[in-house]
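Here's the structure, in structure tokens; my notes come after.
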Amino acid sequence: MSNGIQIHVNGEARGWRIGGTVADLLNELAIKTERVAVELNLEILDRNDFGHRSLKDGDRVEILSFIGGGC
Amino acid sequence: MVTNDRLTIAGHEFRSRLWVGTGKYKDFAETKKAIEASGADVVTVAVRRVNITDRSKENLLDYIDSKKYTILPNTAGCYTVEDAVRYARLARAAGVSDLVKLEVLGDEKTLFPDTAGLIEAAKILIKEGFIVLPYTNDDPIVAKKLVDIGCPAVMPLAAPIGSGLGIRNPYNLKIIMETVKVPIIVDAGVGTASDAALAMEYGADAVLMNTAIAGAQDPIMMAEAMKYAVYAGRLAYKAGRIPRKLYATASSPIEGML
């Protein structure tokens with residue numbers, strides 16, 4: 001991949017492109033933007049910012065959602 | 001019938017006094033059926049990493065209508081103040097409300113709450129506008145402290161999470177119910193219907209459970225049993241039980257006997 005950089009998504013290394021945003025990443029992973037929380041380098045992002053936060057080399061992204069749980 | 005017996009916490013009104021967790025079920029279909037059978041309108045969920053390698057997996061929230069149910073995220077699995085606060089913030093970012101069931105656990109073997117950490121985390125989150133429902137020990141002093149810092153309800157345990165031991169310290173729970181003037185939700189440790197009924201008879205405002213239903217041989221049937229148990233316990237509490245006496249009092253009159 002030209003302009004290739006590497007990011008970490010949920011702990012896994014992943015190739016990425018310069019200028020690609022959080023929204024692009026979610027779209028690529030087929031994850032609906034509602035119901036998820038995204039943490040970029042430990043900063044929790046506002047859902048409205050997904051489209052204008054581009055990912056840089058070495059960025060660590062965590063994508064979380066609700067699962068079954070009690071206590 | 002007790003009509004309009006609604007439970008209100010920080011402006012949120014709940015119809016059901018049985019709250020249920022969504023863990024440990026065979027699949028989402030069973031989860032959904034059990035929730036329906038329980039009549040609960042509050043369901044707890046955990047916050048975890050999305051599976052990015054297998055996107056074919058279904059999402060729990062596809063099965064739970066968030067218009068019908070109040071989704072109560074928890075901070076289960078958090079052993080530090082920092083982690084609990086982080087997960088609460090993530091839950092708010094992923095969800096729709098400021099509600100959080102706050103857990104700061106002290107130890108993997110007992111899953112008892114670290115109450116010092118709990119109070120510290122609750123303070124931080126309340127300052128950030130969260131509605132903190134704390135999972136706490138059956139300790140009346142801690143319960144009072146949690147209310148003093150702004151928790152609109154407290155959730156003391158009956159017994160260790162998933163233990164099914166029932167109410168281990170009924171006297172402490174009664175003291176909490178008498179001294180704390182916010183709703184009390186007995187959380188964790190219920191094993192069967194009578195445990196839930198007893199909690200309500202003592203004066204709990206609601207009961208939260210997961211394993212007692214999900215781990216039963218027939219979870220759907222147990223969910224229904226719990227619905228009736230909580231309802232019966234609530235009615236008995238409102239009706240007012242007779243005092244305990246050591247000796248008999250005949251129910252049939254002596255007058256008219258031969």
Side-chain angles (χ1 to χ4, degrees), chain A residues 1 3-71, chain B residues 19-25 27-28 31 43-53 55-57 59-64 66 71-77 86-87 89-96 101 103 105 111 113 135 155 157 160-162 187-189 208-215:
Chain A
M1 193 196 300
N3 290 332
I5 57 171
Q6 197 182 60
I7 58 172
H8 285 84
V9 183
N10 286 6
E12 285 174 33
R14 189 181 183 87
W16 192 242
R17 58 185 182 278
I18 291 169
T21 65
V22 170
D24 295 334
L25 175 65
L26 292 171
N27 188 45
E28 199 165 289
L29 293 168
I31 295 170
K32 286 184 238 164
T33 55
E34 66 266 27
R35 298 171 185 171
V36 294
V38 177
E39 210 184 54
L40 172 57
N41 302 326
L42 300 180
E43 176 204 350
I44 297 171
L45 302 183
D46 189 307
R47 188 165 291 141
N48 299 318
D49 293 335
F50 289 174
H52 22 90
R53 289 296 290 264
S54 53
L55 297 167
K56 294 180 289 297
D57 193 36
D59 274 352
R60 306 193 81 88
V61 185
E62 294 288 351
I63 307 167
L64 297 99
S65 189
F66 296 126
I67 65 144
C71 307
Chain B
W19 296 10
V20 295
T22 52
K24 298 184 181 174
Y25 286 99
D27 51 36
F28 291 144
T31 314
V43 297
T44 65
V45 294
V47 180
R48 293 292 181 267
R49 276 176 165 168
V50 170
N51 185 338
I52 56 167
T53 44
R55 295 299 308 141
S56 65
K57 285 204 170 170
N59 189 310
L60 170 69
L61 292 194
D62 292 334
Y63 285 79
I64 299 168
S66 56
I71 309 292
L72 176 60
N74 65 30
T75 62
R86 183 184 185 192
Y87 274 82
R89 289 172 180 157
L90 285 164
R92 177 155 74 177
V96 286
K101 184 192 153 191
E103 299 182 27
L105 302 173
L111 298 178
Y135 161 68
M155 309 183 73
L157 55 79
I161 293 168
D187 179 10
L208 171 55
M209 64 181 77
N210 190 156
T211 309
I213 296 174

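Letters go in sequence order (proteins before strands), and every chain restarts at 1. None of the values given here were measured: they were computed from a predicted structure.
Nearest heavy atom pair, residue B:R86 against residue A:L42, reads NH2-CD2, 3.3 Å. The heavy-atom pair separating A:I44 from B:A93 by the smallest distance is CG2-CB, 3.5 Å. Among all heavy-atom pairs drawn from A:F66 and B:L60, the shortest one is O-CB, 4.4 Å. Contact detail for A:S65 and B:V50: the closest heavy-atom pair is CB-CG2, 3.5 Å.
Interface check for chain A: of the options B:A46, B:G77, B:P73, B:G23, the most heavy-atom pairs under 4.5 Å are formed by B:A46. Options A:N10, A:V38, A:V9 differ in how many heavy-atom pairs under 4.5 Å they form with chain B, and the most are formed by A:N10. For the set B:L61, B:I161, B:N210, the count of heavy-atom pairs under 4.5 angstrom toward chain A peaks at B:L61.
Proximity to chain A (any heavy atom under 4.5 Å) is restricted, for B:K101, to the side chain, taken from C-beta onward. Proximity to chain B involves both the backbone and the side chain of A:R35, based on heavy atoms less than 4.5 angstrom apart. Proximity to chain A is absent for every atom of B:A214, based on heavy atoms less than 4.5 angstrom apart. Looking at A:I67, both its backbone and its side chain come within 4.5 Å of chain B, counting heavy atoms on both sides.
Taken from CZ in B:R89 to CD in A:E43, the straight-line distance is 12.0 Å, to the nearest 0.5 Å. Atoms CG and CD1, from B:N51 and A:I63 in turn, are 11.0 Å apart once rounded to the nearest 0.5 Å.
At least one side-chain heavy atom of A:E12 sits under 4.5 Å from a side-chain heavy atom of B:T53.
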